[in-house]
Novice: 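Here you go, one structure.
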Amino acid sequence: MREKIEQLVRKALADAQAQGDLPQFEVEDLGLERPADASNGDWTSTVAMRSARLAHKSPRDIAAALVAHMSDVPEIERVEIAGPGFVNFYLSTAAGNEIFRTIREQGADFGKSDFGKGTKIQVEYISANPVGPLHVGHGRWAALGDSLCRVFEHAGYDVEREYYINDHGSQMDVFGSSISKRYLQLNEIMAQKNVELQEAYQMLLDDREAFIEDEDDSRPETHPYMDAFNESLGGNAYGGDYIIDLAKRFCEENGDAWVSVSEDDRMADFRERGYKLMLESIKATCHNARSDFDVWFSERSLYVPDENGKSAVDRALETLDGMGYLYHEDGALFFRSTKFGDDKDRVLIKSNGEYTYFASDVAYHWNKFQRVDHVIDIWGADHHGYIQRVDSVCTALGFPGQFEVLLGQFVNLLRNGTPVKMSKRKGTGIPFDELLGEVSVDATRYTLMSKSSNQMIDFDIEQVKRQDSSNPVYYVQYAHARICSILRRGAGVSIEEAQELGMDEVASRAIGDSYDLSLLSENVEQALSRKLSEFPTLVENCARDRAPFRITHYVEELASDFHGFYTVCQVLPSESRPLDEDLSRARLAACDATRRVLALALNLIGVSAPQSM
RNA sequence: GGCCCCGUAGCUCAGUGGAUGAGAGCGUUUGCCUCCGGAGCAAAAGGUCGUGGGUUCGAGCCCCACCGGGGUCACCA
């Protein structure tokens, strides 16, 4: 319909100009929009206001000339000029309602477009260190990243989901040492107190609990193991329960065999085994959150030498050096990021010979551009200061404008309005997996998605768990379930049979092959068709603005329009209230179209559309 | 101090330079079940869009300066 109106306006403009009613001028954008208020039509063009200066005429005069030369088409009922010079188009009822049929015919393809033109786009998100479980903050990136990818796919991009595993830096050794120390403590307790592993394990957990409670260190005797743990690792340690879990596991697998081995060997072994386990658990958590990745990219792989003895990092730095962007100072190697607008030049190799995290990122992003056309990294707001240097290096390497960062604000975890206390001692909050066990994936994802990414989120566990009208996800799902129920009733099938047949089949049984949409002339019916027809542009705009959160607002509006329709319009005949069969079929088709778009839209944000609740 | 995000209804937030009622949900108040799912619908009350300038046909949106809240400014990862 957009194209049709575009043609109509172009032709009217050309005719008006040809006949001298309007001066010659070129307009690129006709300013075709959907008015917020339905009383202003189904479509509007702001071309008259836009071209006022070029035409040296008042907007209303231009609009009048356009309307005078506008040809009649059956789809458009009338065209009006309003306000300062809007040209408003009112669709005929039949034309507007055709959207119901279109949706039913296109099914899951409805709203797909070539907006992305097949661009290979990679979205990298979460990318947490494999040294601990994912937390709610990571959960937000999972929901955001995955939903964005789904939207991109629908909008015609060739999408790759990537997780960057930071398995190279010194934090890996800290991780290994932490497990190693806990392992020694378990063995020490078993030997000295003559207790079983389980008991020793419990003692360490209790000890840690006491440590967290004792914030001012007034009762050190209640947490000797935690103190010894911190002391032996110089405070640079991972103190979470999961480290004790891993140590216990290694005790079970190897007994005390590793006690007499050198600290370095033990650390290295535990580090590697712990890493594998942690990564598996992270993958499982992502899968539970319906956020699976195409590529798990290991930072270490960037340091593996090729046949010439050079790693990807070496090659990347050589390339930059060849371009004259590197220099040595005080024994360190610097990248001239100031050439690209950074505040200062950035270190790639420290004076002690170690590579910085940035060095990895240089090679990593270089690698990305060998694979895709456009790169989006989703980072937490605390990484804001890091954008410029990576952007600089992407530009230096020859990919200006192809690197993009989507910054996301943080999540505050609350329970009944009070922050889930994250004492400094505890270090980490509730693992995301544990949260998904308590709150449903649907409610969690929906809540994490419902705000713009540059808005902070207060995630109140109790509030998100609540299954009532205060929780919009259920409002939307209820609308879907309600429609399914109507369609089942229309087709005369049970819930079980419907599961078997699938709702599409149930719907066609209820509706039949032909139906007359021109019968749907109630205001609430038009509101519904209007809302449904917004969906394709919504998907494009969500992709364009990297703002999948708007889907949640749309889906709430659609559910609301449906409920409004449903209370006013009887869909199925009943004994006490007979209904014209043709009208019933048309309304069933409207219901079915709504159901499909609700399911489709919810799927774009990774939320399920239940057939019953 | 530099840079980034946020200030819109009691609360949580939408709002793509467009329409002399600035929207939604929650909360508050009032109606609506002999009938397809009441996890619903209808209505009311509730606003100096942080402040002050500017840009233009037109600003919650763009520019400048302030005021509040949060984040960040490593040869850490």
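Letters go in sequence order (proteins before strands), and every chain restarts at 1. Please read all numbers here as calculations on a predicted model, not as lab measurements.
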Novice: Each nucleotide in nucleotides 38-46 of chain B should get exactly one letter: B, S or -. Can you fill that in based on protein heavy atoms under 4.0 Å?
Specialist: SBSS-----

Novice: For the pair A:W379 and A:H383, name the ring-plane relationship: parallel under 30°, tilted 30 to 60°, perpendicular over 60°.
Specialist: tilted

Novice: Is it the case that A:S298 and A:D167 place a side-chain donor and acceptor less than 3.5 Å from each other?
Specialist: yes

Novice: What distance, rounded to whole Å, do you find between the two P atoms, one in B:A74 and one in B:G69?
Specialist: 24 Å

Novice: Is A:K368 paired with A:E124 through a side-chain N to carboxylate O contact shorter than 4.0 Å?
Specialist: yes

Novice: Taking it one step at a time, do A:N166 and A:Y357 satisfy side chain to side chain donor-acceptor pair (under 3.5 Å)?
Specialist: CA-CA 9 Å; A:N166 300 144; A:Y357 184 75; 3.3 Å; yes

Novice: Please state how far atom CG in A:L407 lies from atom C1' in B:G71, giving the value in whole angstrom units.
Specialist: 10 Å

Novice: Quick one: CG on A:L602 to CG on A:L598, what's the gap to the nearest 0.5 Å?
Specialist: 6.5 Å

Novice: Using OP1 and OP2 only, check whether a side-chain N or O of A:Q463 sits under 4.0 Å from B:C26.
Specialist: no

Novice: Strictly under 3.5 Å: I want the nitrogen or oxygen pairs between protein and nucleotides 10-12 of chain B, one per line.
Specialist:
unit_1, atom_1, unit_2, atom_2, d
B:U12, O3', A:K451, NZ, 3.1

Novice: Can you measure A:Q409 atom CD to B:U72 atom C1' for me and round it to whole angstrom units?
Specialist: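 In whole Å, B:U72 C1' lies 11 Å from A:Q409 CD.
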
Novice: Just wondering, more than 12 heavy atoms not from A:E329 lying within 6.0 Å of its CD?
Specialist: yes

Novice: Does a side chain donor of either A:S170 or A:D173 reach within less than 3.5 Å of an acceptor in the other side chain?
Specialist: no

Novice: Using the C1' atom as the point on both nucleotides, what is the distance between B:A45 and B:G31, in whole Å?
Specialist: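 Their C1' atoms lie roughly 15 Å apart.
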
Novice: If only atom types and distance count, is the side chain of A:T44 paired as donor or acceptor with the main-chain N or O of A:V87 below 3.5 Å?
Specialist: yes

Novice: Round to a whole Å and report the spacing from CD of A:Q570 to C1' of B:C36.
Specialist: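 For the pair A:Q570 CD and B:C36 C1', the rounded distance is 7 Å.
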
Novice: Rounded to whole angstroms, how far apart are OH on A:Y446 and P on B:G25?
Specialist: 12 Å

Novice: Any strand counts, and the cut-off is 3.5 Å on both contacts for Watson-Crick or G-U wobble. Which nucleotide pairs with B:C61?
Specialist: none

Novice: For nucleotides 59-61 of chain B, give me every protein contact, N/O to N/O, under 3.5 Å, one pair per line with atom names.
Specialist:
none

Novice: Could you identify the nucleotide paired to B:G40, looking across every strand shown and requiring Watson-Crick or G-U wobble geometry with both distances under 3.5 Å?
Specialist: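 When the pairing criteria are applied, B:C32 turns out to be the nucleotide that pairs with B:G40.
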
Novice: How far does the P atom of B:C11 sit from the matching atom of B:C49, given to the nearest Å?
Specialist: 16 Å

Novice: Give A:S360 one of three labels, base, sugar-phosphate or nothing, depending on what nucleic acid heavy atoms sit under 4.0 Å from its own.
Specialist: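 Since no nucleic acid heavy atom lies under 4.0 Å of A:S360, the category is nothing.
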
Novice: Would you tabulate the pairs of protein nitrogen or oxygen atoms and nucleotide nitrogen or oxygen atoms of nucleotides 73-77 of chain B closer than 3.5 angstrom?
Specialist:
unit_1, atom_1, unit_2, atom_2, d
B:C75, O2, A:S351, N, 2.7
B:C75, O2, A:S351, OG, 2.9
B:C75, N3, A:S351, OG, 3.2
B:C76, OP2, A:K350, NZ, 2.5
B:A77, OP1, A:K350, NZ, 3.2
B:A77, OP2, A:Y357, N, 3.4
B:A77, O3', A:Q171, OE1, 2.3
B:A77, O2', A:N129, ND2, 3.4
B:A77, O2', A:Q171, OE1, 3.1

Novice: Taking the C1' atom of each, how far is B:U12 from B:G58, in whole Å?
Specialist: 31 Å

Novice: Taking only the P atom of each, what is the distance from B:U51 to B:G68 in whole angstrom?
Specialist: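 My reading of the P atoms in B:U51 and B:G68 gives 15 Å.
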
Novice: Please check if the side chain of A:R595 supplies one atom and the backbone of A:C484 the other of a donor-acceptor pair under 3.5 Å.
Specialist: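 No, A:R595 side chain to A:C484 backbone: no donor-acceptor pair under 3.5 Å.
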
Novice: Regarding A:S147 and A:R445, is there a side-chain donor-to-acceptor distance under 3.5 Å anywhere?
Specialist: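 A:S147 vs A:R445: donor-acceptor pair found between side chains.
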
Novice: In whole Å, what separates the P atom of B:C26 from that of B:A44?
Specialist: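 Approximately 16 Å lies between the P atom of B:C26 and that of B:A44.
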
Novice: When the nearest nucleotide of RNA chain B is assigned to A:H553 and to A:S612 on a heavy-atom basis, which residue is associated with the more 5' position?
Specialist: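 It is A:H553, whose closest nucleotide lies nearer the 5' terminus.
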
Novice: Can you name the residues that form a side-chain contact (heavy atoms from CB on, under 4.5 Å) with A:D382, not counting sequence neighbours?
Specialist: A:F410

Novice: Rounded to whole angstrom, note down the P distance from B:A9 over to B:G46.
Specialist: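 After rounding to an integer number of Å, I get 14 Å for this pair.
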
Novice: For A:N523, look at atom CG and say whether over 12 heavy atoms of other residues, nucleotides or ligands are found less than 6.0 Å away.
Specialist: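 Open.
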
Novice: Applying a 4.0 Å non-hydrogen cut-off, can you work out what A:C591 is touching in the nucleic acid: base, sugar-phosphate, or nothing?
Specialist: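 Contact class for A:C591: none.
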
Novice: Is it the case that the side chains of A:S494 and A:E497 hold a donor-acceptor pair, with the cut-off being a distance below 3.5 Å and no angle test?
Specialist: yes

Novice: Does the Lys NZ or Arg CZ of A:R78 fall within the cation-pi geometry relative to A:Y90 - under 6.0 Å from the ring centre and within 45° of the axis?
Specialist: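 Cation-pi check for A:R78 and A:Y90: passes.
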
Novice: Determine the interplanar angle of the A:Y164 and A:F297 rings, folded into 0 to 90°, and report it as parallel if under 30°, tilted if 30 to 60°, perpendicular if over 60°.
Specialist: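 If you compare the ring of A:Y164 with that of A:F297, the planes turn out tilted.
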
Novice: Does the plane of the ring in A:F340 sit parallel, tilted or perpendicular to the ring in A:F335? Use 30° and 60° as the thresholds.
Specialist: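 Rings of A:F340 and A:F335: parallel, as their planes differ by under 30°.
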
Novice: Quick check on B:G15: is either OP1 or OP2 less than 4.0 Å from any side-chain nitrogen or oxygen of A:R550?
Specialist: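 Checking B:G15 against A:R550, a side-chain N or O does come within under 4.0 Å of OP1 or OP2.
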
Novice: For B:G68, which nucleotide is its Watson-Crick or G-U wobble mate, given both distances must be under 3.5 Å?
Specialist: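 Here B:G68 is engaged in a pair, and the nucleotide opposite it is B:C6.
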
Novice: If the plane angle is over 60° it's perpendicular, under 30° parallel, otherwise tilted; pick one for A:F535 and A:Y554.
Specialist: tilted

Novice: For B:G21, does the glycosidic angle fall within 90° of 0 (syn) or outside that (anti)?
Specialist: syn

Novice: If we take the C1' atom in both B:U29 and B:A14, what is their distance in whole Å?
Specialist: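 Their C1' atoms lie roughly 25 Å apart.
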
Novice: Tell me yes or no: between the side chains of A:R346 and A:S392, is some donor less than 3.5 Å from an acceptor?
Specialist: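 No - no donor-acceptor pair under 3.5 Å links their side chains.
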
Novice: Mind checking A:E540 for me? I need base, sugar-phosphate or nothing, with any heavy atom below 4.0 Å counting as a touch.
Specialist: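 Nothing: the residue A:E540, judged by heavy atoms under 4.0 Å, touches no strand.
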
Novice: Give none if B:G46 has no partner; otherwise give the nucleotide forming a Watson-Crick or G-U wobble pair with it, both distances under 3.5 Å.
Specialist: none

Novice: Would you say the ring centers of A:Y303 and A:Y355 fall short of 6.0 Å from each other?
Specialist: yes

Novice: Each nucleotide N or O in nucleotides 17-20 of chain B that has a protein N or O under 3.5 Å away: list the pair and distance.
Specialist:
unit_1, atom_1, unit_2, atom_2, d
B:A19, N6, A:T44, OG1, 3.4
B:A19, N6, A:N88, OD1, 3.3
B:A19, N1, A:N88, OD1, 3.3
B:A19, N1, A:N88, ND2, 3.1

Novice: Nearest to the A:R544 side chain among B:C35, B:C6, B:U16, which nucleotide is it?
Specialist: B:U16

Novice: So what's B:G1 paired with, Watson-Crick or G-U wobble, going by both distances under 3.5 Å?
Specialist: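 Base partner found: B:C73.
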
Novice: How should the glycosidic conformation of B:C36 be described, syn or anti, under the criterion that syn lies within 90° of 0?
Specialist: anti

